[in-house]
Asks: 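Mind having a look at this structure? Questions to follow.
All ligand and atom numbering here is 1-based and tracks the order in the structure.
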Amino acid sequence: MKRYSVFAIAKQAMTHHLGWERAWAAPEPKKHYDVIIVGAGGHGLATAYYLGKNHGIKNVAIIEKGWLGGGNTGRNTTIIRSNYLQDPSAAIYDKALQLYENLSQDLNYNVMFSPRGLLMLAQTHHEVRGYLRTVHANLLQGVQTEYISPAKVKELVPIINIDGPRYPILGALYQPRGGTGRHDAVAWGYARACSAMGMDIIQQTEVTAVRSEGGVVKGVETSKGFIGCNKLGVVVAGHSGQLAEMAGFRLPIEAVALQALVSEPIKPCMDVVVMANTVHGYMSQSDIGGGTDGFNNFTQRGSFHHIEETLRALVETFPMISRLKMLRQWGGIVDMTGDRSPIISKTPLGNCFFNCGWGTGGFKAIPGSGWAMAELMAKGEPGPLAEEFSMWRFKEGKFIDESVAAGVAH
Ligand SMILES: Cc1cc2nc3c(=O)[nH]c(=O)nc-3n(C[C@H](O)[C@H](O)[C@H](O)COP(=O)(O)OP(=O)(O)OC[C@H]3O[C@@H](n4cnc5c(N)ncnc54)[C@H](O)[C@@H]3O)c2cc1C
């Protein structure tokens with residue numbers, strides 16, 4: 001695979017850019033692989049990448065029923081931050097943020113990471129207390145974040161209305177290192193790097209059953225036939241329940257739709273990302289996000305009541321957007337656990353590993369999650385980043401409760 005560089009662009013310009021090779025190969029599946037990853041979202045692709053890069057395991061297939069990045073990875077609003085409350089969360093999200101900071105160079109692919117700063121507005125006294133608690137926890141964890149005054153919020157976001165009629169702004173949790181990245185580019189960058197290592201990305205191929213013998217995984221049935229493997233990693237977000245059923249066990253997980261919309265393009269009017277969890281909406285320039293549906297479902301579409309609910313919240317916070325036209329609305333199927341923390345775990349089936357439960361906030365975690373999952377799969381035991389995220393914590397009562405710190409969402 002040729003490297004992308006200024007010189008490569010200049011060279012291609014001489015031949016009208018006709019000489020670029022495909023970013024990743026489209027092979028037919030082999031009969032057997034050392035490792036199969038199900039799901040070519042960001043987490044599945046990152047797992048494959050770090051299996052190759054950190055552990056030298058390259059005989060890997062990533063099997064995707066649709067197109068790579070077409071699940072939640074290509075549908076999210078790209079918020080990246082690491083100021084979560086509990087120690088295991090702060091560790092994995094901050095590892096991810098550190099990897100994001102150098103990801104474009106590492107992958108030789110511009111993932112457009114933009115650390116423009118991220119604000120979570122405090123609009124109730126309960127939120128003020130919650131965010132102050134997070135700041136203190138983050139100080140102990142070595143994760144940089146701060147609590148700022150309404151005046152500082154106004155300075156950072158001149159278009160904001162800090163004296164809203166229902167919920168005036170009382171302050172904000174601010175992480176200057178947080179921001180956004182380009183979601184498709186993250187998936188494409190990892191895919192290209194995996195393909196360059198000789199891994200097979202097999203799209204348009206659905207896994208329909210998991211085959212095992214004597215309690216150990218042997219491979220998967222797919223719409224292109226049986227494919228054998230020594231180890232199986234399942235990273236399918238909202239479809240984790242179905243895949244777990246195929247593997248013979250149940251997961252404490254629910255699938256719901258989470259929606260977002262985007263406005264017509266406008267000139268830059270906001271340099272930071274703002275989340276308003278009380279009124280339930282968040283915005284970064286023209287990307288706008290709302291909440292989850294209140295019922296389990298598998299739709300990837302938007303719905304009218306969410307447009308109304310989310311825009312009402314945001315017009316109150318940013319009155320100038322009231323005359324903006326909305327362009328598109330969509331949904332993704334997110335995978336929610338009871339404590340709002342992920343599962344990166346061995347399972348009751350030997351050599352079968354699951355990574356799921358990232359819910360409404362897993363884009364920011366992609367590099368850290370892939371790193372931790374690759375270590376788990378390569379060694380057969382979790383490393384320090386993954387050890388608290390076992391699926392058995394729900395039996396043992398060792399929850400990693402992020403329902404307050406994660407707020408709505410991201
Ligand atoms: C509207 C919305 C906004 C969001 N905003 C943010 C945000 O701002 N910040 C943030 O951090 N997170 C956000 N998220 C969450 C984030 O997108 C997800 O947590 C993350 O992308 C999950 O990635 P993944 O790789 O686990 O799943 P996915 O990207 O969904 O990938 C799973 C893949 O598995 C495939 N698959 C499923 N079943 C099978 C099968 N049987 N065989 C083969 N393949 C299969 C699917 O087709 C899919 O491509 C948002 C999500 C949504 C929907």
Side-chain angles (χ1 to χ4, degrees), residues 36-48 61-82 84 93 96-97 100 118 178-181 183-184 186-187 190 201-210 220-224 227 233-247 255-262 273 275 282-284 287-293 298-302 306 310 329-336 342-344 354-366 368-370 373 406 408-410:
I36 288 179
I37 305 288
V38 188
H43 290 257
L45 290 161
T47 300
I62 306 120
I63 303 181
E64 166 57 50
K65 73 173 177 178
W67 65 96
L68 72 86
N72 296 337
T73 297
R75 292 165 186 270
N76 69 74
T77 40
T78 77
I79 290 176
I80 297 173
R81 67 182 179 93
S82 68
Y84 279 68
Y93 286 106
L97 181 50
Y100 263 123
L118 185 131
T180 57
H183 48 14
D184 299 315
V186 171
Y190 276 120
I201 301 170
I202 302 163
Q203 302 184 71
Q204 306 293 337
T205 306
E206 182 167 2
V207 170
T208 52
V210 174
V220 288
E221 304 288 350
T222 76
S223 47
K224 289 191 178 157
I227 311 175
V234 179
V235 199
V236 294
H239 291 91
S240 302
Q242 280 92 334
L243 267 288
E245 206 177 331
M246 291 178 203
V256 291
L258 176 67
Q259 301 186 24
L261 54 160
V262 67
V273 182
M275 295 165 62
Y282 57 95
M283 189 164 101
S284 65
D287 259 10
I288 291 174
T292 48
D293 283 358
F298 286 92
T299 59
Q300 289 182 304
R301 288 178 303 186
H306 266 290
T310 307
Q329 187 198 16
W330 65 91
I333 312 163
V334 296
D335 40 341
M336 312 283 282
I343 291 171
I344 308 173
F354 265 62
N355 178 338
C356 57
W358 293 98
T360 58
F363 172 70
K364 66 178 72 61
I366 284 173
S369 154
M373 179 73 169
V408 47
H410 313 295

Asks: Do any N/O atoms on Gly66 end up under 3.5 angstrom from N/O atoms on ligand 1?
Replies: no

Asks: Using heavy atoms and a threshold below 4.0 Å, how should the contact between Thr222 and ligand 1 be classified: side chain, backbone, both, or neither?
Replies: neither

Asks: Whether the side chain of Thr73 engages the backbone of Gly42 through a donor-acceptor N/O pair (distance < 3.5 Å, no angle test) should be reported.
Replies: yes

Asks: Using only atom types and a distance under 3.5 Å, with no angle test, would you say the side chain of Asn355 pairs donor to acceptor with the backbone of Ile344?
Replies: no

Asks: Any nitrogen or oxygen of Gly362, main chain or side chain, under 3.5 Å from a nitrogen or oxygen of ligand 1?
Replies: yes

Asks: I'd like to check Ile333 versus Val256 (side-chain heavy atoms, cut-off strictly below 4.5 Å). Are they in contact?
Replies: no

Asks: If we only count N/O pairs under 3.5 Å, is Lys65 in contact with ligand 1?
Replies: yes

Asks: Using distance alone, determine whether Gly42 and ligand 1 share an N or O pair under 3.5 Å.
Replies: yes

Asks: Of the side chain and backbone of Leu45, name the one, both, or neither that has a heavy atom under 4.0 Å from an atom of ligand 1.
Replies: neither

Asks: For the residue pair Leu243 and Val207, establish whether any side-chain heavy-atom pair is separated by less than 4.5 Å.
Replies: yes

Asks: Establish, yes or no, whether a centroid distance under 6.0 Å links the rings of Phe363 and Tyr100.
Replies: yes

Asks: What part of Ile333 sits under 4.0 Å from ligand 1 if we count only heavy atoms: the side chain, the backbone, both or neither?
Replies: neither

Asks: For ligand 1, which atoms have a heavy atom of Ala237 less than 4.0 angstrom away?
Replies: 26 (O), 27 (O), 30 (O)

Asks: Would you indicate which of Ser369, Gly331, Gly41 comes nearest to atom 31 (O) of ligand 1 when only heavy atoms are counted?
Replies: Gly41

Asks: Is the backbone of Gly179 close enough, under 3.5 Å, to the side chain of Arg81 for a donor and an acceptor to pair up by distance?
Replies: no

Asks: For ligand 1, which atoms, with element, lie under 4.0 Å from some heavy atom of Lys364?
Replies: 9 (N), 10 (C), 11 (O)

Asks: Mark up the atoms of ligand 1 that fall under 4.0 Å of a heavy atom belonging to Thr78, in ascending order.
Replies: 7 (C), 8 (O)

Asks: Could you establish whether Leu243 and ligand 1 come within less than 4.0 Å of each other, counting only heavy atoms on the residue side?
Replies: yes

Asks: Tell me, please, which residues at least two apart from Glu64 pass side-chain hydrogen bond (donor to acceptor under 3.5 Å, both in side chains).
Replies: none

Asks: Compute the shortest N/O to N/O distance between Trp67 and ligand 1 and return yes if it is under 3.5 Å, no if not.
Replies: no

Asks: Geometry only, no angles: is Thr360 polar-contacting ligand 1 at N/O separations under 3.5 Å?
Replies: yes

Asks: Hey, does Gly359 sit under 4.0 Å from ligand 1 if you only count heavy atoms?
Replies: yes

Asks: Could you see which bit of His239 sits under 4.0 Å from ligand 1, with heavy atoms only: side chain, backbone, both or neither?
Replies: side chain

Asks: At a 4.0 Å threshold, what atoms of ligand 1 neighbour a non-hydrogen atom of Gln259?
Replies: 1 (C)

Asks: Heavy atoms, side chains only, cut-off 4.5 Å: are Leu97 and Tyr93 in contact?
Replies: no

Asks: With a 4.5 Å limit on heavy-atom distance, are the side chains of Gln242 and Phe298 in contact?
Replies: yes

Asks: Please answer whether the main-chain N or O of Thr78 pairs with a side-chain N or O of Thr180 as donor and acceptor at a distance below 3.5 Å.
Replies: no

Asks: Sequence neighbours excluded, which residues qualify as side-chain hydrogen bond (donor to acceptor under 3.5 Å, both in side chains) partners of Glu221?
Replies: Arg211

Asks: Could an N or O of ligand 1 be found under 3.5 Å from any N or O of Met246, whether backbone or side chain?
Replies: no

